[in-house]
Amino acid sequence: MNKNFYITTPIYYPSARPHMGHAYSSIVSDVIARFKRLDGYNVEFLTGTDEHGLKIQRAAEEKGIEPKKFCDEISKTFRNLSKILNLSNTDFIRTTEDRHIKSVQNLWKILEEKGEIYLSKYSGWYSVSDEAFYSEDEIKEENGINISISSGSKVEWVEEESYFFKLSKWEDRLIKFYEENPKFILPKSRRNEVINFVKSGLKDLSVSRKSFSWGIKVPNNKDHIIYVWLDALTNYLSALNYPDLNNTKYENFWPADVHMIGKDILRFHAIYWPAFLLAADLQPPKRVYGHGWILSGEEKMSKSKGNILDPLEIVDKYGLDPLRYYLLKEVSFGNDGSITQEKLEDCINSDLANNYGNLCQRVISFNEKNCSLLIPEKNKFVKEDLIILNKIADRAENLRSNIDNQELSLYTNFIVDCLFDANKYFNDQEPWKKKSDIKRLNTIVYVSLEIIRKISILLNPIIPDTSLKVLKIFNIKQKDLLFESIKNHESLKPNDKIKKIDILFKKVEKND
Ligand code: MSP
């Protein structure tokens, strides 16, 4: 069985500081990467920055800084964000690195050699903010300004000599590819959007620009630079040492298992990217997942709207794990979701402090008083014990499939449900009333500890630091964690010492 897994985040434009949307794409990818590692996979997890194109050139000009210098600065803040978010990425790519430039130019040459690229003239609409070409029916006029209907960003008229990729030729082949790979695009609703778009007819795609210089040069024609999306998408290959197809990284990890992206960049990933790859005789990725937007109220969080919740400030104020958990819990994965500080605070108090935190504290302090901080000797499990123990064990295959289908809300909701059941189990079993039946008391404590262990493993991809704090009471280390062990009801060894823990989550004081 192939135990390699490759997941990527979008590479971020370093045109401004990172915001919550970026943090979201990265955190959800990290949850999947971490889960797969727990499940014994060798995971390659890539993130990085997308540094070329007119958008970046203009942002640098505004600051009066040379583009490379400008990118060096902001790219650092994204690299830093990966650390602050505790991402387990194995690589961080910048499109200004030599390894990437070489890879893009190579892909270009292959496309050219195969007759997939030709020189002509582009006249049409272009949005610098989206770095996207739009046809006449995709734009409208608002207050005297032409904007893209889908993104709302300003478009400008472009007329210049340009190379074109023969995208139109790939229409039927793409449709066939989507049909043969029904889960290539998820969620399903987005798949339908893409198929309808392709069926409505594809035009050849302009893949070079002449009127500015910040980008990778077209081999053999230095007047042109390569379209920033052809450049950017290739990062997923550059990180695997493409064009060397015989190196182990490429052999192990291509085609990618998941490109995690926001729904706004689906067209590039689900249409252009597989078309470029098929044209170059390379395999398309196995999955493109277009997640929804993080909204502030009803609006997309964005720099231009000034409604950004700064992930760095939130982490500073509340801690990282609460933010990671909240994003997973609050946003129904695949859909848009609105987040607020107030709801984040409620979530910390109810789910994290009252539910998970409280369960761990009360079971351990009960153990301290009655079992001297030792794993107790258990007696035979009774029906109530087995119900809760099996609930998690029996769900293992489903949980695996949830992650493999990016059903992150199903995964998270199951944990919430288990936490509720675990607290209820402890309440209902009333071990404090069992002092005359010490065997039963010990068994209840044993089961409760096993449940804490299992739930902490399930939570580990979402809140790695806190769950590990809990697992450390059993002396379990991150490197020893195995998802499969949630099936085991008797992994804790009687008479082993357990440790006490500090408060896991501080409750947020609320004024109301
Ligand atoms: N550079 C391109 C991606 C190239 S990938 C080969 C890009 N960069 S971006 O910085 O503008 O956006 C990166 C990701 O952040 C996108 O997936 C986008 O959907 C996501 N988000 C940006 N704002 C967002 C929200 N408000 N909510 C959720 N994600 C959104 O596009």
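Order of appearance sets the numbers: ligands from 1, and atoms from 1 within every ligand. Note that these values count all heavy atoms, side chains included, but never hydrogens, waters or copies made by symmetry.
Short contacts between ligand 1 and Ala232, defined as distances under 4.0 Å to a heavy atom of the residue, involve ligand atoms 6 (C). Residue Asp50 has at least one heavy-atom neighbour below 4.0 Å for each of these atoms of ligand 1: 1 (N), 2 (C), 4 (C). Near Tyr12, meaning under 4.0 Å from any of its heavy atoms, are these atoms of ligand 1: 10 (O), 13 (C), 14 (C). For ligand 1, the atoms lying closer than 4.0 Å to a non-hydrogen atom of Tyr236 are 5 (S), 6 (C). Under a 4.0 Å criterion applied to the non-hydrogen atoms of His291, ligand 1 contributes the atoms 28 (C), 29 (N).
Using a 4.0 Å cut-off between charged nitrogen and carboxylate oxygen, Asp257 and Lys36 do not count as a salt-bridge pair. Using a cut-off of 4.0 Å between Lys/Arg side-chain N and Asp/Glu carboxylate O, Lys176 and Glu180 are scored as salt-bridged.
Between His22 and ligand 1, an N or O atom pair is found at a separation short of 3.5 Å. The shortest N/O to N/O separation between Lys263 and ligand 1 does not fall below 3.5 Å. Residue contacts with ligand 1: Ile294 is placed with a nitrogen or oxygen under 3.5 Å of a nitrogen or oxygen of the ligand (distance criterion only). In terms of polar-atom proximity, Ile261 is not counted as a contact of ligand 1, lacking any N or O under 3.5 Å from an N or O of the ligand. Residue Ile265 has no nitrogen or oxygen atom sitting less than 3.5 Å from a nitrogen or oxygen atom of ligand 1, judged on distance alone.
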Requested in this report: Carefully, step by step, assess Tyr163 and Trp108 under the rule ring pair (Phe, Tyr, Trp, His ring centres under 6.0 Å).
Outcome: CA-CA 11 Å; Tyr163 284 95; Trp108 178 283; 5.4 Å; yes

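Two residues are said to be in side-chain contact when any heavy atoms from C-beta on lie closer than 4.5 Å; Phe133 and Tyr122 meet this criterion. Between Ile265 and Trp229, some side-chain heavy-atom pair lies under the 4.5 Å cut-off.
With a 4.0 Å cut-off on non-hydrogen atoms, His269 touches ligand 1 through its side chain and not its backbone. Here Phe268 has no heavy atoms under 4.0 Å from ligand 1, in either its backbone or its side chain.
Residue nearest to atom 4 (C) of ligand 1, selected from Ile11, Thr8, Leu295: Ile11 (by heavy-atom distance).
At least one heavy atom of His19 sits under 4.0 Å from some atom of ligand 1. Heavy-atom separations between Gly292 and ligand 1 include at least one value shorter than 4.0 Å.
Under the rule for a side-chain contact (heavy atoms from CB on, under 4.5 Å), the partners of Asp264 that lie at least two apart in sequence or sit in another chain are Trp293, Lys300. His52 meets the ring pair (Phe, Tyr, Trp, His ring centres under 6.0 Å) test with Trp214; sequence neighbours excluded.
In this pair, Phe184 and Phe177 present their aromatic rings perpendicular. The plane angle is above 60°, beyond the 30 to 60° band.
Note that Arg37 lies outside the cation-pi zone of Phe45, set by a 6.0 Å cut-off to the ring centre and a 45° limit from the axis.
Side-chain rings of Tyr326 and Tyr318 stay apart, their centers remaining 6.0 Å or farther from each other.
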